There are 2 protein chains.
Amino acid sequence: MSKAAIRPRGAGRRSASWTQDPEGVRRSILDAARLEFVENGLSGARVDEIAARTATSKRMIYYYFGDKEGLYRAVLEEMYERIRAFERGLDLASLEPEEAMARLTGFTFDYHAENPDFVRMVMIENIHHGRHLATSDRIATLNLSGIDVIREAYGRGVASGVFRPGIEPIDIHLTISALAFYNVSNRASIRQVFGHDMGAPEALARRRESAIDTVLRMLRR
Amino acid sequence: MSKAAIRPRGAGRRSASWTQDPEGVRRSILDAARLEFVENGLSGARVDEIAARTATSKRMIYYYFGDKEGLYRAVLEEMYERIRAFERGLDLASLEPEEAMARLTGFTFDYHAENPDFVRMVMIENIHHGRHLATSDRIATLNLSGIDVIREAYGRGVASGVFRPGIEPIDIHLTISALAFYNVSNRASIRQVFGHDMGAPEALARRRESAIDTVLRMLRR
DNA sequence: GACCAAATGGACTAACCGGTACAATTAACA
DNA sequence: TGTTAATTGTACCGGTTAGTCCATTTGGTC
């Protein structure tokens with residue numbers, strides 16, 4: 001500190017050598033940033049804190065992501081890409097309509113329960129009115145298509161007579177999402193206000209069954 | 001600015017006189033704070049901005065609320081007290097069980113739709129893991145009892161045979177809340193990702209009916 | 001092995017922002 | 001009317017924080 005202050009700019013000692021690793025550095029920054037943003041939100045997150053969690057320096061954050069918001073956007077985009085990959089991994093077309101819907105609901109519920117980081121990030125982005133989703137090209141071309149899966153299974157169910165007609169696929173999706181999302185997003189307030197722990201294994205299991213049952217009852221004749 | 005800088009501390013000109021109005025000042029600060037917190041979150045909110053929206057000065061914020069978090073907590077508490085008043089205002093005991101549940105769901109849905117500020121504040125508080133709810137005495141003695149209303153109506157419904165037995169009242173509450181809450185909380189992300197506006201009048205109306213229908217189907221034999 | 005673009009480090013800064021010091025005024029009440 | 005606690009205004013401060021400047025090293029290419 002004392003000597004550094006009188007050394008000419010940028011003339012400080014540095015570790016003898018290092019190896020370049022652009023992808024590793026990028027990855028390291030993104031991981032650190034995810035932790036920090038998910039915990040503290042966009043304005044609550046500290047760039048210095050992210051840098052500290054990283055193997056590299058703050059300088060690199062700005063080198064690769066431009067500014068704090070650019071980094072935030074990158075984290076957000078990656079998380080949406082992951083859930084999209086999850087959705088594409090679902091293979092429900094071969095199942096009976098009821099079974100397909102039950103599985104979709106269960107898997108969606110599980111994905112949210114197992115990825116609270118994703119839930120928190122979506123909450124944070126909604127607080128910001130979806131401003132960063134709106135300005136993201138990667139998100140624009142993402143084509144989140146849980147809806148297509150739903151449309152297909154629901155259509156088959158209506159055709160075979162097990163489901164009642166007249167429901168919009170988007171409404172099915174919203175119901176499934178609401179039940180899965182809320183269970184994670186509002187865990188803290190529910191616990192404080194009702195003393196009920198939605199994260200407890202038995203509560204979670206009961207809630208999962210309830211969600212599946214609720215969706216099926218909503219769809220049946 | 002120029003002359004002010006060389007004037008002794010606190011010796012600045014002030015408006016000739018003023019009338020004391022503690023309650024008015026408090027009210028004014030709380031209203032300004034609600035706008036700012038709800039829009040920007042706890043860490044995103046600026047005390048100077050709140051002060052600017054107020055009829056009074058920043059000094060008063062610290063005088064009445066101690067610090068930024070104290071003010072945040074006061075806003076949070078007031079919003080929870082309001083929804084509690086709403087819940088107590090519901091008179092469902094005189095209705096048939098199905099009608100009571102339908103009304104409760106509809107009213108809850110409407111309350112959330114009409115009070116996005118409340119929804120946003122709860123989101124923000126959940127991001128903070130409910131830390132401020134936990135340290136609030138006013139919340140601790142609040143006794144949010146939508147649950148009691150549910151237990152009563154559900155019990156009657158089971159007794160009269162229209163509802164199936166074995167459902168926990170808290171689960172009924174969670175289902176209702178999830179459907180009502182999600183519709184407001186995730187509006188922005190749903191719009192960006194699916195191009196669907198949950199806030200549009202017709203979408204809102206359809207969603208409201210869907211929520212009521214879903215809850216009743218969940219409860220019926 | 002000379003050259004150069006990409007990648008990296010460390011110190012530094014300007015603005016911002018929560019919170020405070022000091023002084024003054026008001027209003028209740030004896 | 002004098003006293004005093006409650007209330008209010010203005011200027012200011014110290015720490016924090018996003019972002020930058022300058023220099024240096026790496027590693028591919030010809």
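Note that the structure is a prediction, hence the values are computed from the model and not measured. Basis for what follows: all heavy atoms, side chains included, without hydrogens, waters or symmetry-related copies. A, B, ... follow the sequence lines: proteins, then strands. Residue 1 opens every chain.
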Indicate whether OP1 or OP2 belonging to D:dT8 is found under 4.0 Å from a side-chain N or O atom of B:Thr56. no
Taking only residues at least two apart or on different chains, which pairs with a member in residues 125-149 of chain B satisfy salt bridge (Lys or Arg N to Asp or Glu O under 4.0 Å)? B:Glu69-B:Arg131, B:Glu77-B:Arg138, B:Glu81-B:Arg138, B:Asp148-B:Arg151
Between B:Arg46 and C:dG18, is there a side-chain N or O to OP1/OP2 distance below 4.0 Å? yes
How is B:Ala51 classified with respect to the nucleic acid when contacts are heavy atoms under 4.0 Å: base, sugar-phosphate, or nothing? nothing
Return the value, rounded to whole Å, for the distance between atom CG of A:Asp48 and atom P of C:dC12. 15 Å
Min side-chain heavy-atom separation B:Ile150-B:Met101 under 4.5 Å: yes
Centroid separation B:Phe37 to B:Tyr72 less than 6.0 Å: yes
Whichever of B:Lys58 and A:Ser43 has the more 5' nearest nucleotide on DNA chain D, that residue is B:Lys58
Enumerate the residues from residues 60-76 of chain B whose closest heavy atom to DNA chain C is under 4.0 Å, giving them by residue number; use none for an empty result. B:Tyr62, B:Asp67, B:Lys68
Is NZ or CZ of B:Arg26 both nearer than 6.0 Å to the six-membered ring centre of B:Phe65 and within 45° of the ring axis? yes
What donor-acceptor contacts under 3.5 angstrom involve side-chain atoms of residues 187-196 of chain A, with partners at least two apart or in another chain?
unit_1	atom_1	unit_2	atom_2	d
A:Arg187	NE	A:Asn183	O	3.2
A:Ser189	OG	A:Asn186	O	3.3
A:Ser189	OG	B:Asn126	ND2	2.9

With a 4.5 Å heavy-atom cut-off, do B:Leu30 and B:Glu78 have their side chains touching? yes
Report which part of the nucleic acid A:Arg59 touches: base, sugar-phosphate, or nothing (heavy-atom distance under 4.0 Å, all strands). base
Take the protein atom CG of A:Asn40 and the nucleotide atom C1' of D:dT16, then report the distance between them rounded to whole Å. 15 Å
Could you check whether B:Ala55 gets within reach of a base, just the sugar-phosphate, or nothing at all, counting any heavy atom under 4.0 Å? nothing
